[in-house]
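A quick write-up on the structure given underneath.
Throughout, numbering of the chain's residues begins at 1 and tracks the sequence. It should be emphasised that the depicted structure is a prediction, and the values quoted were computed from it without experimental measurement.
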Amino acid sequence: MKIAMVGNPNVGKTSLLNALTGGDFSVGNFPGVTVEKKEGKGLIGGKPVTFVDLPGIYSFQTESLDEKVARDYLKNEKPDLILNVVNALNLERNLYLTLQLTEFGIPMIVVLNMIDEAEKEGIRIDAERLSEILGVPVVKTSAVRGVGIEELKREILKGGRVPRAFRGSLEDIIRTAEKIAREVTVAEKPEKSEIEEAFDEVFMDKHLGIPIFLSFMWMMFVFTYSVAQPLNDLLSITFDAMASYIASFDGWFFSMLGNGVVAGVGSVLSFVPNIAFLFLFLSMLELSGYMPRAVFLVDGFMSRFGLNGRAVIPLIMGFGCNVPAILATRSIEDRKVRIATALINPFMSCSARLPIYVLFAGVFFPKMGSVVIMSMYLIGVLIALTSALILRKTLLKGESEFIMELLPYMLPNLKELWIMTWSRTKHFIQKAGTVILAMSVVVWYITTYPGGSIEESYAAMLGKAIQPIFSPMGWSWELVLALISGFVAKEVVVATIGVLNIDIRSIMTPHQAFAYMLFTLLYMPCVATIAAIRAEIGAKWAAFAVIFSFSVAYVIALIATGVGLWL
């Protein structure tokens, strides 16, 4: 049995998928496009069921890639059942999509999710009456708390029902959605609570809102750097000891295992606490309901740079990983804004760069590490917005609009907080176990052969050949080689420094180190990010992104070096 899960963004489809499958789902892409596809398998009443979580959409009226993928899947794949997941907090807007789904003629079940939050807000929905109107079963659930899941499973086994078809013009569908919502909502949503109003007055104030947002970001970086540092140091010492012990045995295999695999991968894995704390903090902001308000708050500011509020979401996601952030730009309907957002996204400092910052800040700026690290993020944002303005004034001229729903404030659910933090951290660890492991072996090989020493190795030849380009910054060939390896994945910069056993304190000054950090922030996106850009907006723009980002990085690093020497 194949079930398509369809709904607006942020209605809890992933949480429901977790509840129905026990978290056993895989993430990939739909064939031929880069749109993310979550697919989970489970047994319901002994019957194997496959759930396909389609991209979150508001309607089938626009031409966004997400909507095209969802429409094509429902038309061509013909799933046995549609689970239409609806946010019970905003029934009217969600029903607009529900009514359009009835035209496909596929059996359907409407899932009123977040029903507990709706009832807290004073919203009472007559599920039986809604079921009569639509002609399909309606089940109330709270996916994060497991409410209504067993009832939903029973309805799934029954196969749902083909809904009554609602057809008409856009205005007809909107009016019908409004009418149904009024009829089945037996208690209107009250005014905001005094606490929620007080929060909004402060968090969304035009004068205080942005400083508060920056304060939260500052707290995040202090939390990420200071709290995680003891664990970081412990892991670093442990991996260094393991690498030295393994490499002490004779033979190339032990040398590769110790100096290559353990030293390289270990130098990156030692930063897992920093990464985990970063994702924990971001997840708390998202689940609490604050992040959408921060996005809405900066929309006016973003419009000055030719972007809109929708562009903020991929940019914020870029703090985690640029690849899913690039993929998230597909929700931006304006093609020129989408291209501009994809091109500037690599300037947002992804989690893979954090190990580089922590390493250099800890060595060269131990008393002000948090300040230096946050400066990297702020500079990245500044360069990204400046680049967006230039692009929108030259190659990508045009105007755009923005609409966004503000969800209520909620106390983050610990289970959801854990799932979100762990899934993101796991992705980082998986990269360390695959790409970085492979690159660590490659770096070990080119630093060992053909001469047996680093000075006579392939790495030395490559680094010394390219080093003159970076001679104005005063970086050694070893540091240049680390930059080259970082093209595969930014974490590999730290891995390369670990494999080469570079004593950065002895070969760099603090201002050179700061310039090096800036360069790693801004220079060419990693291979995976370039592939995502190519898939989303084309090979021409992917090539442009490589050339543009390298040029910007070089100029900024050169300026930083000059200013450092002058000071």
TODO: Find out whether Ile109 and Asn84 are in side-chain contact, i.e. whether some heavy atom of one side chain is under 4.5 Å from a heavy atom of the other.
DONE: no
Task: Distance flag, aromatic centroids of Tyr290 and Phe216, threshold under 6.0 Å - done: yes
Open item on the list: Which residues pass the salt bridge (charged side-chain N to carboxylate O under 4.0 Å, His left out) test with Glu183, not counting sequence neighbours?
Closed with: Arg129
Open item on the list: Determine whether a donor-acceptor pair (N or O, by modelled atom type, separation under 3.5 Å) exists between the side chain of Asn94 and the backbone of Ala88.
Closed with: no
Task: salt bridge (Lys or Arg N to Asp or Glu O under 4.0 Å) contacts touching residues 2-11 (sequence neighbours left out) - done: none
Task: Minimum heavy-atom distance Pro55-Lys13, with the two atoms named - done: C-NZ, 4.2 Å
Task: Pairwise side-chain contact, Leu99 with Leu134, heavy-atom cut-off 4.5 Å (strictly under) - done: yes
Task: Evaluation steps, side-chain contact (heavy atoms from CB on, under 4.5 Å), between Leu101 and Met108 - done: CA-CA 9 Å; Leu101 287 172; Met108 186 164 73; 4.0 Å; yes
- [ ] Would you sort out whether Glu39 and Asp53 count as a side-chain contact (heavy atoms from CB on, under 4.5 Å), showing the intermediate values?
- [x] CA-CA 6 Å; Glu39 187 172 292; Asp53 183 5; over 6 Å; no
- [ ] Among residues two or more places apart or on two chains, list those pairs meeting ring pair (Phe, Tyr, Trp, His ring centres under 6.0 Å) that have a residue in residues 91-111.
- [x] Phe60-Phe104
Task: From CD1 (Ile210) to CZ (Phe203), nearest 0.5 Å - done: 14.5 Å
Open item on the list: Nearest 0.5 Å, please: how far is CD1 in Ile115 from CZ in Arg124?
Closed with: 8.5 Å
- [ ] Return the set of residues passing salt bridge (charged side-chain N to carboxylate O under 4.0 Å, His left out) with Asp126 (not counting sequence neighbours), or none when no residue passes.
- [x] none
TODO: Can you tell me which residue pairs pass the salt bridge (Lys or Arg N to Asp or Glu O under 4.0 Å) test with a partner in residues 163-172, sequence neighbours excluded?
DONE: Asp172-Arg175
Open item on the list: With a 3.5 Å distance limit and no angle check, can you tell me whether Thr421 reaches the backbone of Trp418 through a side-chain donor-acceptor pair?
Closed with: no
Open item on the list: I need the Phe51 CZ to Met1 CE distance, nearest 0.5 Å.
Closed with: 8.0 Å
Open item on the list: Can you give me the closest heavy-atom contact between Leu315 and Met348, atom names plus distance?
Closed with: O-CE, 3.4 Å
Task: Atom CD of Glu77 with >12 non-hydrogen neighbours under 6.0 angstrom - done: yes
Task: Heavy-atom check, side chain of Leu112 versus side chain of Val139, under 4.5 Å - done: no
- [ ] Provide the closest heavy-atom pair for Ala143 versus Gly12 in the form atom of the first, atom of the second, distance.
- [x] CB-O, 4.5 Å
Task: Expected output: side-chain Ser288 to main-chain Leu285 donor-acceptor under 3.5 Å - done: yes
Open item on the list: A side-chain contact here means heavy atoms from C-beta on lying under 4.5 Å apart; do Leu16 and Ile149 qualify?
Closed with: yes
Open item on the list: Once ring pair (Phe, Tyr, Trp, His ring centres under 6.0 Å) is applied, what residue pairs with a partner in residues 133-168 remain, sequence neighbours excluded?
Closed with: none
Task: Residue list, salt bridge (charged side-chain N to carboxylate O under 4.0 Å, His left out) with Asp116, at least two apart or on another chain - done: Arg145
TODO: Using salt bridge (charged side-chain N to carboxylate O under 4.0 Å, His left out) as the criterion, list what pairs up with Lys140, not counting sequence neighbours.
DONE: none
Task: Side-chain heavy atoms of Val6 within contact of Val85, under 4.5 Å - done: no
Task: Spacing of Ile3 atom CD1 and Leu83 atom CG [to the nearest 0.5 Å] - done: 5.0 Å
Task: Minimum-distance pair of heavy atoms, taken over all atoms of Ser59 and Leu97 - done: CA-CD1, 4.1 Å
- [ ] Give me the ring orientation class for Tyr357 and Tyr377: parallel if the planes are under 30° apart, tilted from 30 to 60°, perpendicular past 60°.
- [x] perpendicular
Task: Of all pairs that satisfy salt bridge (Lys or Arg N to Asp or Glu O under 4.0 Å), the ones with a partner from residues 96-109, not counting sequence neighbours - done: none
Task: Beyond-backbone contact of Asn113 with Asn87, side-chain heavy atoms, under 4.5 angstrom - done: no
Open item on the list: Between Ile106 and Asp80, is there a side-chain heavy-atom distance shorter than 4.5 Å?
Closed with: no
Task: Spacing of CG belonging to Leu95 relative to CD1 belonging to Ile180, to within rounding of 0.5 Å - done: 6.0 Å
Task: Distance, nearest 0.5 Å, that separates OG of Ser349 from CZ of Phe319 - done: 7.5 Å
Open item on the list: Would Val358 and Ile373 count as a side-chain contact (heavy atoms from CB on, under 4.5 Å) here? Give the steps.
Closed with: CA-CA 7 Å; Val358 174; Ile373 290 175; 4.1 Å; yes
Open item on the list: Testing the basics here: between Pro273 and Leu231, what is the closest heavy-atom pair and its distance to 0.1 Å?
Closed with: CG-CB, 3.7 Å
Task: Backbone N/O of Pro525 and side chain of Thr529: donor-acceptor pair under 3.5 Å - done: no
Task: Within-4.5 Å side-chain heavy-atom neighbours: Arg161 and Ser131 - done: yes
Open item on the list: Suppose we screen for side-chain hydrogen bond (donor to acceptor under 3.5 Å, both in side chains). Which residues come up paired with Thr50, at least two apart in sequence or across chains?
Closed with: Lys41
Open item on the list: Please evaluate residues Thr141 and Val147 with respect to the criterion side-chain contact (heavy atoms from CB on, under 4.5 Å), reporting the C-alpha separation (whole Å), side-chain torsions for both, the decisive distance (0.1 Å), and the verdict.
Closed with: CA-CA 5 Å; Thr141 67; Val147 175; 5.8 Å; no
Task: ring pair (Phe, Tyr, Trp, His ring centres under 6.0 Å) pairs, two or more places apart, involving residues 111-133 - done: none
TODO: Output all residues satisfying side-chain hydrogen bond (donor to acceptor under 3.5 Å, both in side chains) with Ser15, sequence neighbours left out; order by chain, then residue number.
DONE: Glu416
TODO: For the residue pair Arg353 and Asn322, confirm or rule out a side-chain donor-acceptor distance under 3.5 Å.
DONE: yes
Task: Over all atoms of both residues, closest heavy-atom pair of Val110 and Thr98 - done: CG2-CG2, 4.2 Å
